[in-house]
Each structure stands twice: as structure tokens, then as C-alpha cells.
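See below for the structure under consideration.
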Amino acid sequence: MKHFLKKILIFSVIVLAIFIAYELLLLLVPNEFSYKKRYIEKHKDELRILVLGNSHLADCIDCSLLGEGAFNAAQPGRSSYYDLRLLREYIGKLPKLECVVLPFSYDYQYFGHLHEKQHEPKFNTYRCMYLKYMGYTYLDGEWWHCSEILNSNYDHCGRLFDALYKPLSDLTMCDSLGIELDASYNTRGDDWMFKQLPETEALPDSTEQRLNYKDNVKIYSEIVTLARDHNMRLILLSMPIYKTARERVRQHQLDEMNEFVAMLQRLNPDIEFYDFIDDPRFVERDYYNSIHLNNTYGARKFTPLLREIIERKH
């Protein structure tokens with residue numbers, strides 16, 4: 001029996017060593033989480049424009065068209081919680097920073113950590129990647145989120161295998177200035193206009209909705225206060241959506257969006273909000289799916305509009 005237990009112990013130690021080695025090797029493989037953090041730190045004395053938020057901006061803000069000192073630090077699936085964490089860390093360390101750009105649309109005020117807990121596999125991936133590669137804990141700071149084996153669906157095995165034969169510079173999902181590379185016109189599929197359609201109604205009145213709204217009031221209030229205290233332009237963008245998605249958005253959702261922004265503007269009257277939801281300039285070829293512009297035509301059309309906004313005298 002002792003001999004058997006000894007073998008079990010040895011086997012367990014070997015498995016644990018492989019587990020640890022695998023996690024450590026992944027730290028050496030670049031990804032957009034680690035790349036974007038390193039870029040901000042390396043260029044902190046040069047950055048003038050910082051794009052934050054989720055895939056709505058990560059997919060379609062081409063910072064090469066915004067001029068020098070612009071970087072797209074947005075990440076697919078990022079919640080406003082992580083935008084706040086990043087701003088807390090860096091807003092006082094970027095001496096030339098003039099402008100922060102964030103998305104805000106018809107349902108953002110109702111999506112918070114309770115919504116994320118209903119989609120654990122997906123959001124555990126985000127918690128893991130932000131903790132392991134950017135150092136941001138999520139709410140309770142659960143340490144086990146650091147393990148990609150236990151938490152991440154971010155193709156860690158594929159990334160490690162790719163590192164054996166690909167140049168390290170080719171292992172991120174973004175270009176050198178941060179725009180995501182997977183949301184292209186050529187990869188969107190024939191059914192793109194029916195992908196990621198929004199809910200037909202706002203979330204039903206519930207404890208979850210009220211708590212998420214309350215959390216977002218706190219998060220966005222701190223973001224706008226940080227911008228005000230550091231004399232920073234804060235630009236909120238409601239991005240274009242295709243007609244199949246627009247048909248499912250109700251007027252009361254847009255009213256709630258505008259009411260939330262008005263609440264933020266009472267805290268910081270200098271907040272700028274630009275609503276592109278119904279902008280007729282965006283046509284079929286500009287979209288990746290029903291609610292995202294693509295990084296091909298959409299980015300080339302939208303980014304110059306953003307540049308015009310930024311270059312206006314404020």
C-alpha cells in the first residue's frame with residue numbers, strides 16, 4: 001500500500017510540475033493582453049490619444065489614421081470595470097495624454113458583473129487573461145483565475161504550439177497600434193447580418209438589472225471624475241449598428257442610454273457623447289456582424305470621423 005501511495009505521490013508531483021511549467025511557458029508567448037499593457041508602458045511619454053472599451057472599438061479604430069501618439073487599447077469583451085482599473089493605473093503616468101475614447105451604447109448601463117457570472121466560461125477567460133497578463137484582479141481577486149488551464153478558452157494550447165514556428169511578433173491578434181485583426185470584411189461569413197443581434201427589449205426589471213445599473217453608475221462616475229480631475233477629454237461613442245440589429249432596439253433603450261449619459265454630464269459637463277447608431281454613411285460592406293464594424297472598410301470610414309471630433313477645438 002505504501003509503495004502504491006508513493007507512486008501516486010510521484011505521479012502527482014510530475015503532473016503538477018508539468019502544469020506549472022505549461023503556465024510559465026505561456027507567459028513567454030505574446031498575446032494582445034500582454035502586448036497592449038507593454039505598449040502603454042513603453043510609450044507612456046508619447047501617448048496623446050487612448051482608445052479603451054470593448055470590441056466595438058477594438059475592431060474598428062485604426063490608430064494609424066488618428067495621428068501620432070494614438071493607441072487602441074480596447075479589448076474584445078472588456079467590461080467598464082477593467083477600463084476603470086487601467087485608467088486608475090495609467091492616467092497620472094501619461095504626461096501628454098489629451099483624450100480618452102470609450103464606447104457607450106443602448107444597453108451598456110445594464111451589463112455588469114452579475115451578467116458576467118451567468119456566462120462563466122467566457123468571462124472566466126477574461127478574468128484569467130487580465131489577471132495573468134495585465135495584473136488586474138476581478139472584484140474579489142480570486143487567485144485561481146490566474147491559471148489558463150483551469151479558466152481560459154483563449155486557445156492556450158494553440159498559442160503555445162504556434163510559438164514553436166511563428167515569429168513572436170505574429171502571435172498577437174492585433175496590429176502594432178492595437179486594432180484587432182480578426183474582424184475583417186473577408187472573414188465575416190454570409191450570415192453576418194444575423195450574428196450578435198441584440199435583445200428585443202432591455203433587460204427585465206429585476207434585482208440583477210438594478211445591481212448592474214448601480215455598479216455601472218459607480219464605475220462610470222469614477223471614470224468621468226478621473227477625466228475631470230486630470231483635465232482629460234472624455235469622448236463616449238455610440239457605434240453604428242446594421243439595420244437588422246437596429247430593428248431590435250427600442251426607443252426606451254435609447255432614452256435610457258441618453259438619460260445615463262446626461263447623469264454623467266452632470267458630474268462632468270465636459271464629457272462628449274456622439275451617437276452614430278443611425279448614421280446613414282455606414283453601409284453593408286462596413287460591418288463585420290450586426291453590431292460591429294469591420295476592420296477593413298468600417299475602420300477606414302469611422303476612424304477619420306473620430307479624428308475630426310478629436311481635432312475640433314474643445
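Because the structure is a prediction, the values reported are computed rather than measured.
Hydrophobic clustering places L24 together with V29 (ILVMFWY residues linked when any side-chain heavy atoms are closer than 4.5 Å, directly or through intermediates). Put simply, M239 and L65 are part of two different groups of oily side chains (I, L, V, M, F, W, Y) that touch within less than 4.5 Å, one to the next. Note on L25 and I14: separate hydrophobic clusters, where clusters join Ile, Leu, Val, Met, Phe, Trp and Tyr whose side-chain heavy atoms are under 4.5 Å apart, directly or indirectly. L57 and Y287 fall within a single hydrophobic cluster, where Ile, Leu, Val, Met, Phe, Trp and Tyr are joined by side-chain heavy atoms under 4.5 Å apart, directly or via other members. Placement of L254 and L264 within a single hydrophobic cluster is found when ILVMFWY residues are connected by side-chain heavy-atom separations under 4.5 Å, directly or transitively.
Nearest heavy atom pair, residue R228 against residue L267, reads NH1-O, 3.0 Å. Across all non-hydrogen atoms, the minimal contact from R38 to P30 is NH2-CB, 4.2 Å. Closest non-hydrogen pair, I271 versus V224, comes out as CD1-CG1, 3.1 Å. Minimum interatomic distance between N151 and C146 (heavy atoms only, all atoms of both residues): ND2-N, 4.3 Å. Nearest approach of L66 to I310, heavy atoms of both residues: CD2-CD1, 4.3 Å. Annotation for C174 and E180: closest pair CB-OE2, 4.1 Å, computed over non-hydrogen atoms.
A donor-acceptor pair is defined here as one N or O able to donate and one able to accept, closer than 3.5 Å; no such pair exists between the side chain of D279 and the backbone of P240.
Partners of R307 according to the salt bridge (Lys or Arg N to Asp or Glu O under 4.0 Å) rule, which considers only residues two or more places apart in sequence or in another chain, are E311. The side-chain contact (heavy atoms from CB on, under 4.5 Å) search around D175 returns L177, I179, L181, not counting sequence neighbours. Applying the side-chain contact (heavy atoms from CB on, under 4.5 Å) rule to L150 yields the partners F19, S147; only residues at least two apart in sequence or on another chain are considered. When the side-chain contact (heavy atoms from CB on, under 4.5 Å) test is applied to N54, the partners found at least two apart in sequence or on another chain are H56, P103, Y108. For R285, the side-chain contact (heavy atoms from CB on, under 4.5 Å) test picks out Y185, V283, Y297, with sequence neighbours left out.
Atom-to-atom distance recorded for L160:CG and E23:CD is 10.5 Å, nearest 0.5 angstrom. Annotation: the span from L50 atom CG to I40 atom CD1 amounts to 5.0 Å, rounded to 0.5 Å. Once rounded to the nearest 0.5 Å, the distance linking CZ of R127 with OG1 of T125 reads 9.5 Å. Atom CG of L237 and atom OG of S105 lie 10.5 Å apart (nearest 0.5 Å). Between K218 atom NZ and S80 atom OG the span is 13.0 Å, to the nearest 0.5 Å.
The side-chain hydrogen bond (donor to acceptor under 3.5 Å, both in side chains) contacts involving residues 95-104 comprise R48-E98, where partners must be two or more places apart or lie in separate chains.
Test F260, Y274, F276 against F104 for ring pair (Phe, Tyr, Trp, His ring centres under 6.0 Å) and you get one pass: F260. Partner of E41 under the side-chain contact (heavy atoms from CB on, under 4.5 Å) criterion, out of E89, K36, K93: E89 alone. Paired with D286 under the rule side-chain hydrogen bond (donor to acceptor under 3.5 Å, both in side chains), one option of R300, K301, R281 passes, and it is K301.
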Evaluate E32 against Y154 for side-chain hydrogen bond (donor to acceptor under 3.5 Å, both in side chains), listing each step before the verdict.
CA-CA 11 Å; E32 60 265 33; Y154 195 64; 2.4 Å; yes

Evaluate the criterion side-chain hydrogen bond (donor to acceptor under 3.5 Å, both in side chains) for residue pair S184 and N186; output intermediate values, then yes/no.
CA-CA 5 Å; S184 69; N186 292 329; 5.4 Å; no

F273/N258 under side-chain contact (heavy atoms from CB on, under 4.5 Å): CA gap, chis, key distance, verdict:
CA-CA 9 Å; F273 176 59; N258 290 319; 3.6 Å; yes

Tell me, with the steps shown, if L226 and H230 meet side-chain contact (heavy atoms from CB on, under 4.5 Å).
CA-CA 6 Å; L226 280 171; H230 288 83; 4.2 Å; yes

Run W192 and N294 through side-chain contact (heavy atoms from CB on, under 4.5 Å) and show every step you take.
CA-CA 11 Å; W192 63 270; N294 59 52; over 6 Å; no

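In this structure the side chain of I223 reaches within 4.5 angstrom of the side chain of I219, judged on heavy atoms. At a threshold of 4.5 Å between non-hydrogen side-chain atoms, the residues C60 and T303 do not count as touching. Using a 4.5 Å cut-off on side-chain heavy atoms (C-beta onward), L16 and I20 make contact. Taking the side chain as every heavy atom from C-beta outward, D270 and L234 never approach each other to under 4.5 Å. Inter-residue side-chain proximity for N295 and Y288 is flagged as unmet; no heavy-atom pair is nearer than 4.5 Å.
A cation-pi arrangement is absent between K37 and Y133 under the rule of less than 6.0 angstrom and at most 45 degrees off the ring axis.
Aromatic ring centroids of F33 and Y130 lie under 6.0 Å apart.
Within a 6.0 Å sphere centred on CD of E68, heavy atoms belonging to other residues, nucleotides or ligands number 12 at most.
Classification of R159 and E148 as a salt-bridged pair holds, one side-chain N sitting under 4.0 Å from a carboxylate O.
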